[in-house]
2 protein chains.
Amino acid sequence: MLIEIDFNSEEAIYVQLRNQIIVAIATSQLKNGESLPSVRNMADDIGVNMHTVNKAYSSLRQDGFLKVDRRRGAVVSVDIDKINSLNKMRCLLKPLIASGIVKGVSRDEVKKLIDEIYDDME
Amino acid sequence: MLIEIDFNSEEAIYVQLRNQIIVAIATSQLKNGESLPSVRNMADDIGVNMHTVNKAYSSLRQDGFLKVDRRRGAVVSVDIDKINSLNKMRCLLKPLIASGIVKGVSRDEVKKLIDEIYDDME
DNA sequence: CGACTGTTATATCATCAATATAACAGTTAG
DNA sequence: CTAACTGTTATATTGATGATATAACAGTCG
């Protein structure tokens, strides 16, 4: 698993890590049942503190992307929760689309963007 | 202009204010050339500090949603910048859609969501 | 037993969100 | 002209959060 952290980004490190793991699951680079590197190994790999990795893993567990097995560590295990996921998307999408409307982005252009991102991942 | 701040939200007050103003512009509740309440009045209205409002207004000015006229205060004045807007959307959409894919949300369901949000606003 | 796993507890430091008080330079109505 | 308003800036404080560091604990496994 290749993780790239941008230390100059305004986005928190644990959020970057979290998002990249989600993308890796979405693109099947990480498959259901697969183990992630231990918090200490991952921390060494990307050059951050153990607790920063732990925070990302805990957040992913909380949101139903992985479970923790005493023997195998953090294991990808997705809880499908489409309704909850759609609700979260709606909340985040609303201000994003409002901004797009104001800036002259059409409905079809957004949909085209959606297609591009889906095509990149699936 | 009706502004509703959720003081229990994890979202920063100035971000809530910012987003609600953008939505108001998108839905034509606020029109180009219209003045916003002064930072002090808005602060009194919604029960927050003047600087919190100033931060929201400054951020909106920085991102090309309004300009400041010494005489008329903060005035809605949108800089159309579609390309930049699309790029920002792409960055924010990627992790959002990745999460959706993992949680079983289909491409068409996202597009349906986009339609709903656009219909609500336009 | 020893090396590993996640987890938890502290502590420190920097940054940021929010508040408060205060002042300054324009603008505008009385 | 004065007084009341506008945005803007400066400074300070408080609380929350991100990231780091060191340390320990309990479970697992070769």
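Given the structure is predicted, the values throughout are model-derived calculations rather than measurements. Every chain is numbered from 1 and lettered A, B, ... according to where its sequence line falls, protein lines coming before strand lines.
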Looking at [X] and [Y], does any basic side-chain N land under 4.0 Å from a carboxylate oxygen?
X	Y	result
A:Lys88	A:Asp81	no
A:Asp79	B:Lys103	no
A:Asp120	B:Lys94	no
A:Asp45	A:Arg40	no

**Report entry** Toward the 5' end of DNA chain D, by each residue's nearest nucleotide, A:Arg72 or A:Thr52
**Finding:**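 Closest to the 5' end, via its nearest nucleotide, is A:Thr52.
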Query raised in the report: DNA chain C: B:Met50 or A:Pro37, which has the more 5' nearest nucleotide?
Result: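 Between the two, 5'-proximity favours A:Pro37.
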Has [X] got a side-chain atom pairing as donor or acceptor with [Y]'s backbone, closer than 3.5 angstrom?
X	Y	answer
A:Thr27	A:Val23	yes
A:Gln20	A:Leu17	no
B:Arg90	A:Glu116	no

Requested in this report: Could you tell me the separation between the CG atom of B:Leu30 and the CG atom of B:Leu36, rounded to the nearest 0.5 Å?
Outcome: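 Nearest 0.5 Å value for the CG-CG distance: 5.5 Å.
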Figure out the [atom1]/[atom2] separation between [X] and [N], and round it to whole Å.
X	N	atom1	atom2	value
B:Arg40	C:dG26	CZ	C1'	13 Å
A:Met42	C:dT5	CE	P	12 Å
A:Asn49	C:dT12	CG	P	16 Å
B:Ile5	C:dT19	CD1	C1'	15 Å

Requested in this report: Answer whether the closest heavy-atom distance between the side chains of B:Lys67 and B:Val75 falls below 4.5 Å.
Outcome: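 When only atoms from C-beta onward are counted, B:Val75 and B:Lys67 do not touch, as no gap falls below 4.5 Å.
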Report task. Provide the start and end nucleotides, 5' to 3', of the part of DNA chain D that has atoms under 4.0 Å from heavy atoms of chain A. Result ->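 Answer, 5' to 3': D:dG18 to D:dC29.
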Requested in this report: Name every residue in residues 7-19 of chain A that has at least one heavy atom under 4.0 Å from any atom of DNA chain D, in order of residue number, or write none if there are no such residues.
Outcome: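 Of all residues in residues 7-19 of chain A, the ones placing a heavy atom under 4.0 Å from DNA chain D are A:Ala12, A:Ile13, A:Tyr14.
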Query raised in the report: Hey, can you pull the residues of residues 60-69 of chain B with a non-hydrogen atom under 4.0 angstrom from DNA chain D?
Result: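 Here the set is B:Arg61, B:Val68.
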Report task. For B:Gln62 and B:Ser59, test the side chains for any donor-to-acceptor distance below 3.5 angstrom and give the result as yes or no. Result ->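 The answer is no; no qualifying pair exists.
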Query raised in the report: When you check the phosphate oxygens OP1 and OP2 of C:dT5, does a side-chain N or O of A:Ser38 lie under 4.0 Å from one of them?
Result: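 A:Ser38 to C:dT5 OP1/OP2: side-chain N or O found under 4.0 Å.
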Query - Any B:Lys55 side-chain N or O less than 4.0 Å from OP1/OP2 of C:dA17 - result: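 Checking C:dA17 against B:Lys55, a side-chain N or O does come within under 4.0 Å of OP1 or OP2.
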**Report entry** Single-linkage hydrophobic cluster, 4.5 Å side-chain cutoff, A:Val102 and B:Ile80 together
**Finding:**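 The answer is yes; both residues are in one hydrophobic cluster.
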